[in-house]
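Everything numeric here is computed off the predicted structure, so don't read it as measured data. Residue numbers run from 1 in the order of the sequence given.
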Amino acid sequence: MSVICAWCGAVLKKGEGLVSHGICEHCAYQVETRILRDVALARGAAPTRRRRPAVFASASLPGFD
């Protein structure tokens with residue numbers, strides 16, 4: 001089974017046959033940043049800044065070792 005990022009299409013795990021979707025570290029960072037910004041703006045507070053991870057290594061998915 002192949003796993004690809006649902007946002008950018010990057011291949012997270014190569015395989016044969018079926019295709020599943022996940023999210024890569026870069027897209028997860030962007031989505032989380034947007035959500036935090038939107039929540040902060042809705043509350044009337046200044047947006048919080050999250051530091052970008054130093055290494056863009058994806059955590060292994062359960063069952064995909």
Side-chain angles (χ1 to χ4, degrees):
M1 177 182 288
S2 296
V3 180
I4 63 172
C5 178
W7 279 259
C8 69
V11 177
L12 302 176
K13 180 183 180 296
K14 289 186 179 182
E16 296 180 17
L18 299 174
V19 175
S20 184
H21 293 84
I23 187 167
C24 68
E25 187 71 28
H26 177 72
C27 291
Y29 173 80
Q30 290 181 334
V31 169
E32 183 180 346
T33 302
R34 288 183 200 151
I35 290 171
L36 291 174
R37 183 192 66 215
D38 292 346
V39 168
L41 291 175
R43 292 181 180 168
T48 57
R49 301 195 100 185
R50 178 178 175 252
R51 293 186 62 135
R52 181 172 287 233
V55 178
F56 292 109
S58 298
S60 61
L61 298 173
F64 292 98
D65 297 321

### Task
Apply side-chain contact (heavy atoms from CB on, under 4.5 Å) to Ile35 and list each qualifying residue two or more places apart in sequence or on a separate chain.
Val31, Val39

### Query
Is there side-chain contact between His21 and Val3, with heavy atoms separated by less than 4.5 Å?
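Result no, sub-4.5 Å side-chain heavy-atom pair not found.
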
Considering non-hydrogen atoms only, spot the tightest contact between [X] and [Y] and give its length.
X     : Y    : value
Cys27 : Trp7 : SG-CB, 3.7 Å
Cys24 : Cys5 : N-SG, 3.5 Å
Lys13 : Met1 : NZ-O, 3.7 Å

### Message
Could you measure the distance from the CD1 atom of Ile23 to the CD1 atom of Ile4? Nearest 0.5 Å is fine.
### Response
12.5 Å

### Query
Does one hydrophobic cluster hold both Val19 and Val11, with members joined at side-chain heavy-atom distances below 4.5 Å?
yes

